[in-house]
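One-based numbering along the sequence shown. Quantities reported herein were computed from a predicted structural model and do not represent experimental measurements. All ligand and atom numbering here is 1-based and tracks the order in the structure.
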Amino acid sequence: MNTLAGKHLVLGLSGGIACYKAAELCRALVKAGASVQVVMTEAAEHFMTAVTLQALSGRPVYTSQWDAREANNMAHINLSREADAIVIAPASADFLAKLLHGRADDLLSLMCLARPMDAVPLLVAPAMNREMWANPATQRNVAQLKADGVQVLDVGQGDQACGETGDGRMLEAEEILEDLQSFFTPKCLTGKHVLVTAGPTYEAIDPVRGITNLSSGKMGFAIARAAQQAGAQVTLVAGPVSLATPRGVARIDVRSAREMFSAVQAQVAQAQIFIATAAVADWRPDTQADQKIKKDGSGQTPQLSFVENPDILASVAQSAAARTGALFCVGFAAESHDLQAHATAKRLRKQVPLLVGNIGPSTFGQDDNALLLVDANGARELPRASKQALAVELIAEIARRL
Ligand code: C5P
């Protein structure tokens, strides 16, 4: 489920070098299924032409409150009434100050002032030099805008166009997109702490070799993102994967099953929901060589023997919190055949209220998947869709069961 699909957004640009990111944001919003009406201040037009944003949004850009295209000549009323939200990106220090004072001497500020506050939320993505951001005047303005109900997004940190380094960069387009997705997501997990395991584990044989599996972590990361967007505080214990951390999620990187188990044990007391998506290695080599095992030319192969890893899910599911219902545990099963039978048996064996089955070879590494939800009442299929869409459905399903 994509919460931006079908939404109509006014994307406002005030003056700043970050206007180049607004072009990317516009494109990403359209790709996510939103319609975008761009409004630019005169200062913004110094950084980016309206032509670029017209091409990306597929709509003529508005730059003046005297735009004669509107029959009633009231662009500020017409544009703000049809929007699901107004997003100002970049929001310059000057524009934030104008918003704060309710000034209305250009189309964008006039439209923000004229918007129906209950129906049309206003989100701003600040963008400025670090000294401008840190200035007490800006910080006062930001605090007051928040108190006035404006959603002020975070700023990024790093190298700035002026050559300085610090806080105040505008977030990247992808980050703003995630924040907007999140803003429109129903908050069914507010106040809950969710612990998720994701990805494979890596069991070392020697310092340069090990045993792992093809899990990409995409399903678990999608679940962590969906839970965070649903209002939960999320901790993600991730095996070795190369995926970006979902915004607002606390991530703990681990390598082996035993490291994953320790991280889960340290975090689980705070959680009300535990979702084990990780493809934890069932076995590990019983010894790990300190030095690389060398091929000696004799043709002889090393003799490996294995010991079983701790079953993280089964252990958590037997804790007092899980048995009394204070912790809701969800397991996953990656099978190659007879999904319902295996998932049903695994649910009973792991003693979890909900077990999610999927076919391993057709999910590992993919961006989409199909899930089979198995509980005490039977099974229900979530047909093939993107992992993010399935994650949103699964989170809603878990919230209903709490
Ligand atoms: O037994 P199997 O590995 O098929 O069980 C899969 C489920 O159990 C998944 O939820 C997985 O994350 C979890 N699991 C675990 N620790 C293990 C093995 C599996 O938490 N050692």
* To do: Evaluate whether atom CG of Asp290 has more than 12 neighbouring non-hydrogen atoms of other residues, nucleotides or ligands under 6.0 angstrom away.
  =>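 No, CG of Asp290 has 12 or fewer neighbouring heavy atoms, counting only those of other groups under 6.0 Å.
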
* Asked: For Gln144, does the CD atom sit with more than 12 other heavy atoms under 6.0 Å from it, leaving out its own atoms?
  ->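 Yes, the 6.0 Å shell around CD holds more than 12 heavy atoms from other groups.
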
Below 3.5 Å, can you tabulate the donor-acceptor pairs from side chains in residues 265-280 to any protein atom, sequence neighbours excluded?
from	atom 1	to	atom 2	distance (Å)
Gln272	OE1	His193	N	2.7
Gln272	NE2	Gln270	O	3.2
Thr277	OG1	Thr197	O	2.4

* Would you give the length of the straight line joining atom CG of Asp106 to atom SG of Cys112, rounded to the nearest 0.5 angstrom? =>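 Rounded to the nearest 0.5 Å, the CG-SG separation comes to 9.0 Å.
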
* Does a side chain donor of either Asn129 or Glu164 reach within less than 3.5 Å of an acceptor in the other side chain? ->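 Yes, side-chain donor-acceptor contact under 3.5 Å.
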
* To do: Might you work through the side chain to side chain contact (heavy atoms under 4.5 Å, CB included) test for Glu70 and Tyr62, ending with a clear yes or no?
  => CA-CA 10 Å; Glu70 295 295 307; Tyr62 282 78; 2.3 Å; yes

Ligand 1 N/O to protein N/O, distances under 3.5 Å:
from	atom 1	to	atom 2	distance (Å)
ligand 1	1 (O)	Lys350	NZ	3.0
ligand 1	4 (O)	Lys346	NZ	2.3
ligand 1	5 (O)	Lys350	NZ	3.0
ligand 1	8 (O)	Lys350	NZ	3.1
ligand 1	10 (O)	Ala276	O	2.6
ligand 1	10 (O)	Phe332	N	2.8
ligand 1	10 (O)	Phe332	O	3.3
ligand 1	12 (O)	Ala276	O	3.3
ligand 1	12 (O)	Ala278	O	2.6
ligand 1	16 (N)	Ile312	N	3.0
ligand 1	20 (O)	Leu313	N	2.8
ligand 1	21 (N)	Pro310	O	2.8

